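Note sheet for the following structure.
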Amino acid sequence: MALLIKNIKELVQVENKPKLKVAGKDMAKLKTIKDAWVYIEGDRINDFGKMKDIPDYSKSWGMKMNVIDATDRMVFPSFCDSHTHLVYAGSREIEYIDKIKGLSYEEIAARGGGILNSAQRLHKATEEELVENALPRLREIMMQGTGAVEIKSGYGLTVEDELKMLRVIGRLQYMTPLKLVPTFLGAHAVPLEYRSRQSEFVDLVINEMIPRVAAEKLAAYIDVFCERGFFTVEDTERILIAGMKYGLRPKIHANEMYCSGGVQVGVKYNALSVDHLEYTGDAEIECLLDSETMPTILPGAAFFLGMDYAPVRKMIGAGLAVAMASDFNPGSSPSGNMQFILSMACIKYRMLPEEAINAVTINSAYAMGLSEDYGSIAVGKKANMFITKPIPSYEFMPYAYGSNKVETAILNGEMVKS
Ligand code: NIG
Ligand code: FE
């Protein structure tokens, strides 16, 4: 099956020589083609160009071909959402009221709410129920333009429940055209019964969870919530070393509530990404500069928890790459809408639209280990893209916040229906 999209007002984020990520000043560059076409064969991008140079695809070797006329519409590569916790049971709007009344995220967590609340609910849910709960979330983000998404475990916190979560992510991959990337986050919170013996919980993660996760090949990456009140740098180090022995590359939660040392420990173990980074100083920037670790910001969590925003201008100014993800989860960011993330990048971090678009496409693809195949319009890459509604410019995407500007999602070369 082939698909030709023609008369595209502007084809956004095209690459002739694909890069794995963009950093510093290059983040403000975004290559586009006005009055364009893109031709897809099977699930891959076959070619693209300007309408005046379009080949005669009508004589297309007998292959069945669909044609979409995208007059007045733009085409973007699908968003890559490199950090979510979107498999969960129930919701936590009651804690949200507590937050409105003045309790902090840490205070709610300290009294057994937060992640532990979600863990109790997840414990009671069956795999089937978790699949049924997650599917509408996946459908929603797909129709909002996402094409690949990382999903973490971390609401299990026991061996069996962590495995249950990861198996659910594995099952979901067969039920959605989205590309899913599973990450093991056994060290997300310390269960109440381990509060006075945290190192024993770390032992459980290392000795029982990691070997089982690896044996069943349930995850590609390993994450730790390295934060005050959660896991220390020493805990993180032990867990990362154990995970790496089983081939799990780190991707960690760092510096959300204070300078946790998480960035340094992530870089030390060649993490693919360090995420959150609200508390990022010169030492963290320095340490990231010579690394292969992608700094990833999560505007949804900073917005929802009313926190300070990561110093992104300073980071890009220093020459760093920045990726951006939704952090979709029931506690600190109950939305996976990457269009809203784009808007927040521009409004709250003063990122230029071009920088924001690079952060949610090629750089967030890198932060999942997918940028050879996803994150831009390039020959040979997966045909994951979306066609917008009629819009005047690509800058309109972040500018017109709150409405869904995506009209048609195309994943693996096929139009998807909600
Ligand atoms: O990324 N920070 C840790 N984990 C999530 C929150 C999870 C939750 O509150 O349920 C986050 O913000
Ligand atoms: Fe998170």
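Given the structure is predicted, the values throughout are model-derived calculations rather than measurements. Whatever order the structure lists them in is the order used to number ligands and atoms, beginning at 1.
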(message) In this structure, does ligand 1 have an atom that sits under 4.0 Å from one of the heavy atoms of Tyr88?
(response) no

(request) Check if Phe230 has a non-hydrogen atom at a distance under 4.0 Å from any atom of ligand 1. (result)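 Distance cut 4.0 Å: Phe230 fails for ligand 1.
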
[X]: numbered ligand 1 atoms lying under 4.0 Å from its heavy atoms:
X	value
His83	1 (O)
Tyr155	7 (C), 8 (C), 10 (O)
Asn329	5 (C), 6 (C), 7 (C), 8 (C), 9 (O), 10 (O), 11 (C), 12 (O)
Ile115	7 (C), 8 (C), 9 (O), 10 (O)

Protein contact of [atom] - nearest heavy atom, named by residue and atom, plus distance:
atom	result
atom 11 (C) of ligand 1	Asp327 OD2, 3.1 Å
atom 5 (C) of ligand 1	His85 NE2, 3.5 Å
atom 4 (N) of ligand 1	His188 NE2, 2.8 Å
atom 9 (O) of ligand 1	Tyr105 OH, 2.5 Å
atom 12 (O) of ligand 1	Ser332 OG, 2.5 Å

(request) Taking only Lys NZ, Arg NE, NH1 and NH2, and the carboxylate oxygens of Asp or Glu, determine whether Asp98 and Lys101 approach each other closer than 4.0 Å. (result) no

(message) Salt bridge check, Glu407 against Arg73: does any charged N sit closer than 4.0 Å to a carboxylate O?
(response)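 Glu407 and Arg73: salt-bridged.
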
(message) For a distance under 2.8 Å, give residue and atom name for each protein N, O or S atom next to the Fe ion (ligand 2).
(response)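 Under 2.8 Å from the Fe ion (ligand 2) - ignoring waters, which are not counted - the protein N, O or S atoms are His83 NE2, His85 NE2, His253 NE2, Asp327 OD1.
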
(message) Below 4.0 Å, non-hydrogen atoms only: which portion of Glu227 touches ligand 1? Side chain, backbone, both or neither.
(response)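 Contact part for Glu227 vs ligand 1: neither.
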
Whether [X] and [Y] hold their rings parallel, tilted or perpendicular, with breakpoints at 30° and 60°:
X	Y	value
His188	His85	parallel
Tyr309	Tyr349	perpendicular
Phe386	Phe79	tilted
Phe328	Tyr88	perpendicular

(message) I want to check a possible cation-pi pair here: Arg238 against Phe231, using under 6.0 Å from ring centre and within 45° of the ring axis as the test.
(response)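 Not flagged: Arg238 not positioned over aromatic ring of Phe231.
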
(request) Find out whether the Lys NZ or Arg CZ of Arg249 is both under 6.0 angstrom from the six-membered ring centre of Tyr221 and within 45° of the ring's axis. (result) no

(message) Take a 6.0 Å sphere around NZ of Lys6 and say whether it holds more than 12 heavy atoms from other residues, nucleotides or ligands.
(response)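 Atom NZ in Lys6 is not packed in, count stays at 12 or less.
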
(request) To the nearest 0.5 Å, tell me how far Glu10 CD sits from Lys34 NZ. (result)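 Atom-to-atom, Glu10:CD and Lys34:NZ are 5.0 Å apart.
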
(request) Check whether any side-chain N or O of Gln264 sits under 3.5 Å from a backbone N or O of Cys287 as a donor-acceptor pair, and report yes or no. (result) no

(message) Evaluate Ser118 for polar contact with ligand 1, using N/O atom pairs at a separation under 3.5 Å.
(response) no

(request) Carefully, step by step, assess Tyr96 and Phe304 under the rule ring-ring contact (aromatic ring centres under 6.0 Å, His included). (result) CA-CA 9 Å; Tyr96 164 71; Phe304 190 81; 5.3 Å; yes

